Amino acid sequence: MSKYEFVPIDVLTKYSGLSEEEAKFWLGELDKKDLLYGQAESYSGYILNYNGYDLLALNALVKGDVLQSLGMPVGMGKEADVLEAMTPQEEKVAVKFHRLGRVSFRDTRRKRNFIGKRRHMSWLYQSRLAAEREYEALMKAYEADISVPRPISQNRHVVVMEFIEGHQLSEVSELDDPEAFLDEILTNVKKAYDAGVIHNDLSEFNLMASREGKIYLIDWPQYISRGDPNAQITLRKDMANILRFFQRKFKVSKNIDDVMTLFL
Ligand SMILES: Nc1ncnc2c1ncn2[C@@H]1O[C@H](COP(=O)(O)OP(=O)(O)O)[C@@H](O)[C@H]1O
Ligand SMILES: [Mg+2]
């Protein structure tokens, strides 16, 4: 799939080791189950779609004893779906499926730019890179004792992590001590910075408050490293988002310039 817009049937046949008849039959079966995306006009070929890619990742995670069963969706976003799941040890975990390039009108311009630079779209590949990056960020952050969901595994475009029982901060209407909460966020952003990572999409939508009142920083695929030339600007933007939210919702004021002195 990295070489073709649609992989020709004769190439698929060759790799499968099946006869042309058999290969065509099974491709037809996969197509019927909506696991492929086919092209029958100029020449015949197929690529995997997200259904097929999901099943390959889930198959690997089940065989690797990471997952046992899937549960309910907990967050269906623009660029990812998050479901609850169970491990063979009956630990409840969160399974995040990255879904870049999912059709949305808002994204058409970005998509066009993207296609312009490449021979063809490879959203599955982009989603795998996003999952790898997110897993990498979670590992770095978790090892540095930052409050993030514990990373458990990653396969293809899927990240498995600790399930946080709680709510997105955007949905929380009351906090016992919003000031202490904000300080807790700042402490974690500072710790992340010291460990070399900057979130780069921090907002009330990417913070979770657990039932025990602990804060978690989630959603890391776009993180940048401390050495990035945009590090300071990015940090400031992240912090400004958080301060704005606490000001608006909890009437807690903090000066952005004061906060930024943490990172000097
Ligand atoms: N580890 C987790 N435990 C519980 N819920 C989660 C977890 N990770 C994500 N979620 C839920 O799924 C939503 C979407 O996840 P997120 O990582 O922010 O992806 P995106 O914003 O790209 O869709 C979150 O806002 C949260 O409600
Ligand atoms: Mg998010």
Side-chain angles (χ1 to χ4, degrees), residues 50 53-54 57-58 61 66-87 89-104 106-107 110-111 123-143 145-173 175 181 185 188-189 192 197-224 234 237-238 241-242 244-245 249:
Y50 272 114
Y53 208 41
D54 287 357
L58 288 171
L61 290 166
V66 177
L67 292 183
Q68 166 106 343
S69 56
L70 275 182
M72 297 295 286
V74 289
M76 308 295 269
K78 191 161 64 74
E79 301 204 310
D81 293 333
V82 180
L83 276 73
E84 56 180 35
M86 213 54 115
T87 69
Q89 295 75 35
E90 313 223 316
E91 183 194 354
K92 186 173 169 185
V93 293
V95 182
K96 178 170 176 179
F97 296 81
H98 283 265
R99 304 228 188 276
L100 294 178
R102 187 149 57 181
V103 182
S104 106
R106 247 173 77 194
D107 277 352
R110 206 193 66 198
K111 249 177 240 178
W123 293 113
L124 299 187
Y125 178 62
Q126 295 292 311
S127 293
R128 170 157 75 81
L129 292 182
E132 283 170 0
R133 251 188 105 60
E134 175 155 48
Y135 190 68
E136 189 179 277
L138 286 174
M139 292 287 269
K140 282 186 197 175
Y142 189 74
E143 278 162 17
D145 199 31
I146 293 146
S147 191
V148 297
R150 175 174 52 86
I152 296 171
S153 191
Q154 178 257 322
N155 188 277
R156 296 180 172 82
H157 60 318
V158 176
V159 177
V160 182
M161 63 191 128
E162 175 189 0
F163 191 92
I164 308 301
E165 300 281 358
H167 293 284
Q168 247 173 240
L169 198 55
S170 59
E171 292 163 8
V172 174
S173 48
L175 290 174
F181 221 80
I185 296 169
N188 275 286
V189 174
V197 294
I198 300 169
H199 188 286
N200 191 22
D201 190 22
L202 213 54
S203 72
E204 63 273 29
F205 302 102
N206 287 331
L207 288 164
M208 288 187 73
S210 78
R211 281 190 197 146
E212 292 80 37
K214 196 174 162 206
I215 189 79
Y216 285 87
L217 282 63
I218 64 164
D219 201 2
W220 286 84
Q222 68 295 312
Y223 92 95
I224 63 169
T234 304
K237 182 199 66 173
D238 276 357
N241 281 340
I242 302 301
R244 205 179 307 118
F245 173 74
K249 196 141 182 189

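Remember, predicted model here, so these are calculated numbers, not experimental data. Remember, it's 1-based here, ligands and their atoms both numbered in the order they're listed.
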- Query: Taking N or O atoms only and a 3.5 Å limit, does Glu79 qualify as a polar contact for ligand 1?
  - Reply: no
From the list Arg156, Lys96, Arg99, salt bridge (Lys or Arg N to Asp or Glu O under 4.0 Å) with Asp54 holds only for Arg99
Taking 2.8 Å as the cut-off, does Asp201 contribute an N, O or S atom near the Mg ion (ligand 2), distance below it? no
- Looking only at atom types and distance, does a side-chain atom of Glu162 sit under 3.5 Å from a main-chain N or O of Pro151, one as donor and one as acceptor? no
**Prompt:** Between the side chain of Gln154 and the main-chain N/O of Val159, is any donor-acceptor distance below 3.5 Å?
**Reply:** no
Test item, Met208 contacting ligand 1 (heavy atom, 4.0 angstrom):
yes
The answer for which part of Asn206 has a heavy atom under 4.0 Å from ligand 1 is side chain
For Asp219, the N, O or S atom at the shortest distance from the Mg ion (ligand 2) is OD2
Task: Nitrogen or oxygen of Ile164 less than 3.5 angstrom from that of ligand 1 - done: yes
I'd like to know if Glu204 pairs up with Lys249 as an ion pair, taking the criterion as any Lys NZ or Arg NE/NH1/NH2 lying under 4.0 Å from an Asp or Glu carboxylate oxygen.
no
- Task: Would you indicate whether Tyr216, at its atom OH, is surrounded by more than 12 heavy atoms from other residues, nucleotides or ligands within a distance under 6.0 Å?
- Result: yes
Note: Tyr216, heavy atoms under 4.0 Å from ligand 1, region reported as neither
Closest to atom 24 (C) of ligand 1 by heavy-atom distance, out of Leu207, Val148, Val82, Ile218, is Ile218
- Task: Say whether Gln168, considering both its backbone and side-chain N or O atoms, lies within less than 3.5 Å of an N or O atom on ligand 1.
- Result: yes
N or O pair under 3.5 Å between Lys78 and ligand 1:
no
Shortest non-hydrogen pair, Leu207 vs Leu202, comes out as CD2-CD1, 4.4 Å
* **Asn206 side chain vs Asp201 backbone, donor-acceptor pair below 3.5 Å** => yes
At under 4.0 Å between heavy atoms, what of Ala80 touches ligand 1? The answer is both
